[in-house]
Amino acid sequence: MENCIIVTGGAGFIGSNFANAWIKLGLGKLVNLDKLTYAGNLANLADVEQHPNHIFIQGDIGDKELIPSLLRQHRPRAIVNFAAESHVDRSIHGPAEFIETNIVGTFNLLEATRAYWGGLNDSDKANFRFLHVSTDEVYGSLSKTDPAFSETKAYEPNSPYSASKAASDHLVRAYHHTYGMPVLTTNCSNNYGPYHFPEKLIPLVIHNALNGRPLPIYGNGQQIRDWLYVGDHCAAIRRVLEAGKVGEVYNIGGWNEKANIEVVHTLCDILDKEKPKQSGSYRDQITFVQDRPGHDVRYAIDASKIERELGWKPAETFETGIQKTVTWYLTHQDWVNNVTSGEYKNWVSTNYKERGEELA
Ligand code: NAD
Ligand code: TYD
């Protein structure tokens, strides 16, 4: 085995933040396998693309020939599986891709890994890790007074996205219990930060605000999400990879529950300071639109296990992280312009027209 890890989905939002940090920290070779769907973008990897320790391969986690051949060639000590279809609204419009990548793709990755892992010597076998990156959405929706999700909370996924992630989590678990594969699963709350595709709430609001477009709030805006800065999520994954107990699940979150409307107000207030409009506030652009079908009311992560057992804690508060994020978007408008051309416009038109808004 080599000091090499294979990361899947490493050209997407969280995966690219992870790959960039891994290379900058000098942690060894990283083979980055990504299909480059609409969500994958090589521009996210511009800082590491020339680095000898970063190897990018365009491909699908569901490819039955490619995955075994990558494992034979690179002999990794770990796989970190970020690759997924990740947007709830897209899963409502077209669930098939979610089943294909999140379930069948993860199954293919597990099967290929099982064959590779089975052929390792005893010590390499014991040291190998398969880390599956998942979401708090598998746990379902909380009422305002329920306790936050712990690792033992029953799975109650409500969207095709969260159901497909739940299925993949179950497969990963089964590969440990049935075959003894050294797996780790992390379930994280909503991330935000650099390279976040502007179909998701925070980057969409920044983008629309700066372009004088409506800021669409689904329903009454009182739904609660628990926000974590992406750099903190990546640090937590590195910690779990290094010290997590095989077969265990770790919930990752920043203890930052916010109602959507509060998040949007915060973004408007920062933008009012950083890039004031000629008259009025960005808050004037807020528009309430038709709700998401089956919209989960509240997510909240109880992150006490990872803190207690592995000593991980987020470095950013919501206030510091959101300020950094707005600054990043203001200084990376070329990146935003690049990703909001082409297919993006079709999506915006599909998703918001039915909500009675013309945003594109
Ligand atoms: P993303 O949509 O930004 O990126 C996904 C990446 O996977 C893209 O680069 C895409 O090209 C790639 N990909 C898609 N299908 C593929 C396939 N079949 N083979 C290879 N690559 C493929 O998603 P993200 O927000 O970076 O999320 C990454 C992971 O983290 C996902 O598994 C998601 O469920 C999980 N997660 C996300 C959040 C969040 O707030 N974004 C929170 C918790 C967990
Ligand atoms: P999103 O960023 O899509 O993440 P997730 O659905 O995985 O939590 O949405 C975050 C919250 O913001 C969610 O409650 C839905 C809401 N939302 C809006 O109100 N308007 C929007 O245009 C979008 C994309 C999301």
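Both counts, for ligands and for their atoms, begin at 1 and track the order of listing. Heads up: numbering here begins at 1 and tracks the sequence.
- The protein heavy atom nearest to atom 4 (O) of ligand 2 is Asn190 ND2, 3.4 Å.
- Residues Gly253 and Ser189 come closest through the heavy atom pair CA-OG, 3.7 Å.
- Residue Arg225 has at least one N or O atom closer than 3.5 Å to an N or O atom of ligand 2.
- Every residue two or more places apart in sequence or in another chain was checked for a ring-ring contact (aromatic ring centres under 6.0 Å, His included) with Phe56, and none qualifies.
- Checked by distance only, ligand 2 and Glu137 come closer than 3.5 Å through their nitrogen or oxygen atoms.
- Between the NZ atom in Lys200 and the OH atom in Tyr192 there is a gap of 15.5 Å [rounded to 0.5 Å].
- Contact of the Leu27 side chain with the Asn3 side chain is not registered, since no non-hydrogen atoms from C-beta on lie closer than 4.5 Å.
- Ion pairing between a basic and an acidic side chain is recognised when a charged N comes within 4.0 Å of a carboxylate O; Glu309 and Lys245 show no such pairing.
- In Leu201, the parts holding a heavy atom less than 4.0 Å from any atom of ligand 2 are both the side chain and the backbone.
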From CA spacing to verdict: side-chain contact (heavy atoms from CB on, under 4.5 Å), Ile55, Lys29 | CA-CA 8 Å; Ile55 297 161; Lys29 189 163 113 182; 3.8 Å; yes

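- Atom 20 (N) of ligand 2 has Pro216 O, 2.8 Å as its closest protein atom, hydrogens excluded (heavy atom only).
- The cationic atom of Lys258 (NZ for Lys, CZ for Arg) does not lie both less than 6.0 Å from the six-membered ring centre of Trp227 and within 45° of the ring axis.
- Not one N or O of Leu204 is nearer than 3.5 Å to an N or O of ligand 2, by distance alone.
- Proximity of Asp296 to ligand 2, defined as any heavy-atom pair under 4.0 Å, is not found for any part of the residue.
- Taking the side chain as every heavy atom from C-beta outward, Ile5 and Phe18 approach each other to under 4.5 Å.
- Looking from atom 3 (O) of ligand 2 to the surrounding protein, the closest heavy atom is Arg292 NH2, 3.2 Å.
- Taking 4.0 Å as the cut-off, Tyr352 counts as a neighbour of ligand 2 on heavy-atom distance.
- In this structure, ligand 1 sits under 4.0 Å from heavy atoms belonging to Gly9, Ala11, Gly12, Phe13, Ile14, Asp34, Lys35, Leu36, Thr37, Ala39, Gly40, Gly59, Asp60, Ile61, Phe82, Ala83, Ala84, Ser86, Thr101, Val133, Ser134, Thr135, Tyr161, Lys165, Cys188, Ser189, Asn190, Asn191.
- Under the 4.0 Å criterion applied to side-chain N and carboxylate O atoms, Glu248 and Lys305 are assigned as salt-bridge partners.
- A donor-acceptor pair under 3.5 Å links the side-chain atoms of Asn251 to the main chain of Phe149, judged by distance alone.
- Considering only non-hydrogen atoms, atom 14 (O) of ligand 2 lies nearest to His295 out of Arg355, His87, His295, Arg298.
- Residues forming a ring-ring contact (aromatic ring centres under 6.0 Å, His included) with His176 (at least two apart in sequence, or on another chain): none.
- In this structure, atom 16 (C) of ligand 2 lies nearest to the protein heavy atom Asn260 ND2, 3.5 Å.
- When each atom of ligand 2 is checked for a heavy atom of Glu199 under 4.0 Å away, the hits are 24 (C).
- The six-membered or imidazole ring of Trp335 lies near that of Trp328, with a centre-to-centre distance under 6.0 Å.
- Partners of Tyr299 under the ring-ring contact (aromatic ring centres under 6.0 Å, His included) rule, at least two apart in sequence or in another chain, do not exist in this structure.
- When the heavy-atom distances from atom 17 (N) of ligand 2 to Phe197, Tyr218, Tyr192 are ranked, the shortest goes to Tyr218.
- Taking every heavy atom of Ile217 and a limit of under 4.0 angstrom, the matching atoms of ligand 2 come to 19 (O).
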